[in-house]
Amino acid sequence: MSTIFAPASFLKSAIAATLLSSTAILATAHAADFRLGVRADALTIDPIASSDNSSIWLELQVYDQLVRPSKDGSKLEPAIAESWTISPDGKEFTFKLRPEAKFSDGQPVTAADVAFSLQRAAGEKSEWARFFKPITSYQVVDDHTIVMKLDKPFTPILNNLALFSASILPAKLVQQQGDKFFEHPIGSGPFVLKSWTRGQGEELTKNPNYWEKNKPSIDAVSIEVVPEDNSRVLKLKAGELDAITDVPYNQAANLKTDADIDVHAAPVFRVDLVQLNTTKKPFDNESVRQALNYALDKEAIVKGILRGNAKPTTSSIPVMAYHNEKLKPYPVDLAKAKELLAKGGVPDGFKTSMLVAAGDVTARQVASAIQASLRKVGVEVALQTIEDSSQFSTTKSGNYEMSLSYATSDTIDPDQLVGFTAVNPERANAFHTQWKSDRVNQLYADERQTPDGPERAKQFQEIEAVVHEQAPFIFLYTPNSAYANRKNVSGFEVVPTANYVLKDVVVK
Amino acid sequence: MKLLSQETVRRFKQNRNLQVGLFLLAVIVLTSLFGPSLVPYDPEELDFGNPLLAPTLQHPFGTDDLGRDVLARVVAAGQVDMQVVAVCVLLPFLIGSTIGLVSGYFGGWIDRVIMRFVDILWAFPFYVLVISIVGALGPSTTNIYLAFSLVVWISFARIVRGEVLLARRLEYTLAASVLGYSHARIMLRHILPNVITPAIVFMMADVVLTILGVTSLGFLGLGIQPPTPEWGVMIADGRNFIQDGWWISLFPGLAIVLVGLTFTLIGDGLDDLLRPKA
Amino acid sequence: MTEPLLSIHHISKTFPMARNFRDVVTRSPRQTLRALRDVSLTVRPGEVVGVVGESGCGKSTLGRCIAGLETPEHGDMLWQGAPISAGENRRTRARHIQMVFQDPYASLNPRMTLGQTLEEVLRVHGLAGDAARRRERVDELMLMVGLAPALKERLPHTISGGQRQRICIARALAAEPQLIVADEPVSALDASVQAQIINLLEDLRAKLNIALIFIAHDLNVVRHISDRVAVMYLGEIVETAAAEALFTRPLHPYTRGLLAAIPIPDPKRRTSVPSVEGEIPDPLSPPIGCGFSTRCSHVIHPCRVRHPDLHQTGEHGVRCLNPAATRPFADPGSVYPATGNQ
Amino acid sequence: MSAAHNTLAVEHLRVTFGKAPNAATAVDDVSFEIRQGEVFGLVGESGCGKSVTCRSLIQLFGGSRPSAMTGSISFEGRNLAALQPKDLVKVRGSEIAMIFQDPMTALNPTMKVGRQIEEGLRQHEKLSARQAREKAITLLKSVGVMAPERRLDSYPHAFSGGMRQRVLIAIALACRPKLLIADEPTTALDVTVQDQILKLILKLRAEIGMAVLLVTHDLGVVAQTCDRVAVMYAGRIVELATTEQLFAKPSHPYTRALLNALPAHGGRGGRLQPIGGSPPSLAAPPPGCRFHPRCSLAIPACELQQPPLAAIQEGHSAACIRIGEPA
Amino acid sequence: MNLLFFCISRLLQLVPVLLGITIVAFLLLRVMPGDPATLMLGSRGTPEDIAALTSQLGLDRPLWQQYLSFLGDIARGSFGRSIAYKAEIGPLLIARLWPTLALVGLSTVIAVLMTIPLAMYTAVRRNGAVDHAVKFFFVTAMAMPPFWLGVLLVLPLAIAVPIFPVSGYGQDWLDKLHHLALPAFIIALGTAALTIRSLRSSIIAVLGADYVDTARAKGLPERSVLRRHVFRNSLTSTISVLAVHTSWVIGGTVVIETVFGIPGLGSLLVASISARDYPMVQGLTVTFAVLVVVINLLADIAYSIVDPRVSLS
């Protein structure tokens, strides 16, 4: 009996063919100067419809705003507006636009474009309308001058104008094209969106008309979506990417040993905490809440799970402008914790449950550590994983006891997070803890009308102190954002508002 | 009804697949039952002092990034996974076989309606349907049971119905009908014992598919929820350490392969053993 | 002449064929396979009626209609003069009519022992009283069909084909029927075993006065066992008569061809020309006239256009338009004595 | 006829399947010869080894291959049993052809009938495609298939059983073989078609002048078709005779019992005389004469040795130690 | 001609199945807990906003009206608007379709290339060393979770010896092929495990068929017997196995695309489910089911080409 195939030789030739094709492919060079690997793809590039980081970060490359946060997140600096003045009563803002600012199609950026864009951002279709509604009128003085008026002072408005959602769009084109505009968007930012393959990434090219001299330094960027953390790291190591964001903490140390790679940790305006539902016993008791804070070994979590890429926090406000330096994180003190538990009426501890986002590996690990830590004072925590996207709606409905979560700030002003995590009633009823402090509410109302300065600083610092003391949360830490690039890249940065900056990137 | 005839015993003795398969099954069952008390580590105990230890005598499967003993976790996960798989296989087997039996035996419009429905469900890829259902209802063990039952019964229904259609034409069935036996008796005593073999054999193959399915759900974060140890989740968690902690992902995967191999062997063996010789 | 046990009047049975897309497009009517066309038959108590014909002639369908496995569309079936309605209780019918099938290998539930198979009949029909009495009856039945009661612990696949067929007969007997339909009961068996089963059936008939409808394609066997014989072709009876009359004086050309085609176990009598030419027409589109007209050597024009009726002369019926073509027929058996019997 | 030379001579053929202890000797020490142009019948009940015997000749065993095969098969001077596989392939189809029992399964369902006929022709006679096609048409005509030009392009499922058997005969006879092996060629067919096919084989035998080895279980077919016949029981030939001799004076008790068990062709003749018991297992045949447990004439000596074929008269022999005794 | 009729009739038979698919997908998404409008608006939604969006999405209408408008969306090729992408779903699906098709296609090709020689060799030389080795290897391969293989194989094949890229999809077609090779191979292992088994046993069955003996009796050399008579007739059952399995593979892309970061339908499904993008999940389930139906149709046609009996009955 004879055979008609010889499997061995077939396999050999198949392998040979594969090898040949792979070397051929390795030889083809990438068109882009700079290849960035990110975790998720943008969903949209319409600034008023964005709420996910990927979309926001992409928009920040393509569009420009009147003002922008400085890279260190400490203050606002001029962007399209080269200067601005605020009336003494804080109700009138006058912006002077840069005459050299142009959209990527060469058209100048005018005051009319600004008025249109901000009115759109405050409009019905906008998801960010409340941030701009305090502005009651726009007055186009000339092509390069615009005056905005408020009914009453609203200090955070300037910071809101630095938000991506306040991006300046070419009024005429958006009006003409409607939604189609965003298929080929035109902005005045440093880059132009050349192509976008959904789920795969974007190709950006330099905006030749960008107002900042000699920026960007590179001609083209490709942003590649690599959802898996490990793959992103491996691709960086393999040289398939020049830089990546969201380096998993547990990989950062290992990555540092690679001679070709620089790893960075950027502090960002985010705070991780455990929400405590103060409508439920025993979380209604301040002593119990403090006890939990004393019982938890935050340092161990930071060291063991975040590999040092975080700092324990004192309140629900991250370290940013107007931070209260005098506060210190709750120390680990089991005796104190037990004493406080006894004072709160639960000397032997209690049983409770904690929501954890299912998709977040770090959160799951931190939850395990919290579970182990609290067990030492007799508090048995059952972990209850929950679909990431429904965690917010679940805590909002009040149907929880503890919930491991975090809050981030889109602006460099603490107003946003104070409103979100400490004020009740307000947008989130103190981040769904239902904790309420009349003092904090009063301070919040005051701070919004107080011009920037030491007066406003005092107000914020008192808010922080109250939150720290009454502990509606277990305060955990404020993490760094780890990112990495190959050594031949410089100027790639993640800034405190967590977005990356590409315009200063130089590739050697 | 005589199941263990001498003939069967003789055939079992020659059936290497089944012997090896049953041996491995015994190993798996015993490990799940007694393993947790033999391994001196708590599968959920964090030990920040000993992260990412390579396999040694102390930790035969090493430790993970949080210092947990991988062996303890693999064993604990085995208990969880095997339990889930057992329910996810048995429920659809019972539902599907019953529907297939009734549909095939009575034929007519009942059969047409059921089979149309089966055709439609059949078009949805297994993973797509399971993931959509679990995703929609939320990841919980009950929902996993529900999703698998809703999806997998059609396989059993198709298999049993096909066999019933053949058996219904066989002369012993005709004879039972001529003898005036009730439909229930004909179905349960004459048809069912003779058609269930392929379904049982497929059930073994289904164990393999189900263990892959359940662990895939875990891998995607849609399955059994941490901190309950689960093989798919462990593999997913180990991905980040594939270079300096390959053992975290390797061993749970090997456990899955072992289970798969075991049931494939048992399936092949049962096929040989139960197929009636003319 | 006694009252007939079973009488069948003009029954028909058609099976609709699946219509495919092409049929729908070409608007061709749904095809039906007419398995039985206007068949009438009577069986008297204790009588053996043979039904012969080649594959696809409808003889098995006839048997299945009688046993209740199929329901004829037209015509009546009477049991001792009373109509058997379609919705009749299957249990009652089972006590009257039983069936033995062709393939002894498929006729027994492979997962039940022989004893269980027999006992089940007794239990379902509430025969033979309590469990102990049932066990006795099972032994009796096994002895009746010539099997050692010790075999009752065995599973079907451990016994021979002949033994299985005996169990099938015993199972039919267990219901104490008055009529057994035997559908090719010996064609799957070797010659030496065939004879055992035929003898058994004859004995039972003699002992229990059970009537038998014996369906077979082997004319020698049918001739051996039957009182009367019906010859079927394309779903209808083309000739029916007392066995001897049919074999010695066949009237229908098809019957004669069939008889002539049997290989005679006698080398001295050989022919070199086939007895019947051609093959059975497509049963989905049978000829308009006489079904056999396409192969008949005596065909005349009317045969091709007119469908003949069954013409009855006393006990002997024939469905032929040209009985004139029926020349004297020499029964080979009467000229050449059987060689086997010494 | 008797002077004609042997086309085939089989000597001491023994074919075993399976490994000890479950080894079954399906054919045990079988010897016979087939003369040029004759129809040689091999008759016996199922499992007696007749099919295995004829399949051994060209070593085609379907799915199950024997574990051992000894003896010599002398065909036209060559020992087929000792031939290399590639040489045996050359003999198949060109010099020895074979047709099988079930025409419904013996044709490739996915190949047009024409190609199946042409294939053998092109293999052995190196014909061009056109020549092969023409020859195929002629062949189909000669086996009585109407409109052969059209039928060549049909697939087998469009043919009835009888027509398929005709096609298989056409395939077998394509290269005018010297020996046609027909393994129960009509068992699956209706009696009128069987009649047609047997007569077709006889007619073509006369035209081509080939020898035919006809395997059957039907003594009627033997009587109607064969020149000489061997009766097999449990793997051995128990009687070998011309057809006339066999029917006139069946000598082995088994042959006689077989004939007696048939329902008489001539009418309703009392009780049949079945053979008691059932055929023995080939894996563990009874000692001595294999028929003795079922034989009405058996004496204790029958248990002791396997009787050899002993001549009764010219061309007629039987394997029974009681042959010499008065019946 | 017969084949044409066969194809048309199979297409017509698909209509009710396709309708059924849309109904199942539609109902599946209606039983999901949670309110799409709330999810779409996230933390910024006021009750008025939510009510407005609910009516804009038509979620306040009776079920049958919602279904009809869903059918209308499908007819326009749009499937409605994505919650996450805030865009028409149709074009998004099309863009994601090609990587998935390429992956499934490539893995099938690899599986077939493995299957044919190995199945033939092991069937002819059954119970030999190669047969046992192949059997053991593929039985094991079948039990290997593809995601696990994906995680593990990256280490030797993409890092230690960088033959394959770590993940992603690539730019031009050659680059894409290179990116898909490893995931396709992993899928193909599972497929080949089934098809080798199936083809091997049907070859063995066919080798024992009467017509194969007929072919041998003609004097055809074993090579020709295998090629002309055995191979083609063995294919039929394997085609069905392959078709049934392809539906499994298409579903399996959900996992493997996630592992290798391939921007196909599968990874989109996982992302859409965690984003609670209901309309997208609905569109995806329909798309997946239609893919399976189309592949089964192709298999039926292939089957009827291989076996002429099919198209006639």
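Predicted, not measured: the structure shown is a model, and the values here were computed from it. A note on names: the letters A, B, ... follow the listed sequences, proteins ahead of strands, and every chain is numbered from 1. Below, each value reflects all heavy atoms present in this structure, side chains not excepted, and no hydrogens, waters or symmetry copies.
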Pick from E:Thr253, E:Val154, E:Leu155 with the largest number of heavy-atom pairs that fall under 4.5 Å of chain B: E:Leu155
Ring centers of B:Phe148, B:Phe126 separated by less than 6.0 Å: yes
Candidate pair B:Ile99 and B:Val118, rule side chain to side chain contact (heavy atoms under 4.5 Å, CB included), full reasoning: CA-CA 11 Å; B:Ile99 292 178; B:Val118 163; over 6 Å; no
Side chains of E:Tyr85 and E:Leu268 in contact at under 4.5 Å (non-hydrogen atoms): yes
Parallel, tilted or perpendicular, as decided by the 30° and 60° cut-offs, for the rings of B:Trp246 and B:Phe251: tilted
Pairs of heavy atoms under 4.5 Å with chain E: top-ranked of B:Leu254, B:Leu258, B:Val259: B:Leu254
Sub-6.0 Å ring centroid separation between B:Phe202 and B:Phe156: yes
Residues B:Asp237, B:Arg73: salt bridge by 4.0 Å N-O rule: no
Validation row: B:Met234, B:Ile248 side chains within 4.5 angstrom (heavy atoms): no
Heavy-atom pair count under 4.5 Å with chain B, highest-scoring of E:Pro146, E:Gly252, E:Ser272: E:Gly252
Among the listed options E:Val254, E:Val259, E:Leu18, the residue most often paired with chain B at heavy-atom distances under 4.5 Å: E:Val259
Partner chain E: residue of B:Ile242, B:Thr264, B:Leu265 with the largest heavy-atom pair count (under 4.5 Å): B:Ile242
Top contributor to chain E contacts, counting heavy-atom pairs under 4.5 Å, from B:Leu250, B:Leu129, B:Thr262, B:Val130: B:Leu250
Within residues 210-218 of chain B, residues adjacent to chain E where the heavy-atom gap is under 4.5 Å: B:Leu212, B:Thr215, B:Ser216
Spacing of CG belonging to B:Asp64 relative to CG belonging to B:Leu53, to within rounding of 0.5 Å: 10.0 Å
Side chain / backbone / both / neither for E:Ile21 at chain B, heavy atoms under 4.5 Å: both
Ring geometry between E:Phe79 and E:Phe70 (parallel below 30°, tilted from 30 to 60°, perpendicular above 60°): tilted
Part of E:Val270 lying under 4.5 Å from any heavy atom of chain B: side chain
Gap separating the CZ atom of E:Phe138 from the CE atom of E:Met142, nearest 0.5 angstrom: 10.5 Å
Exercise: do E:Thr195 and E:Thr238 side chains pair donor with acceptor under 3.5 Å: no
Contact class of B:Val208 relative to chain E, heavy atoms under 4.5 angstrom: side chain
Contact leader toward chain B among E:Thr285, E:Leu284, E:Ile250, E:Val293, where contacts are heavy-atom pairs under 4.5 Å: E:Thr285
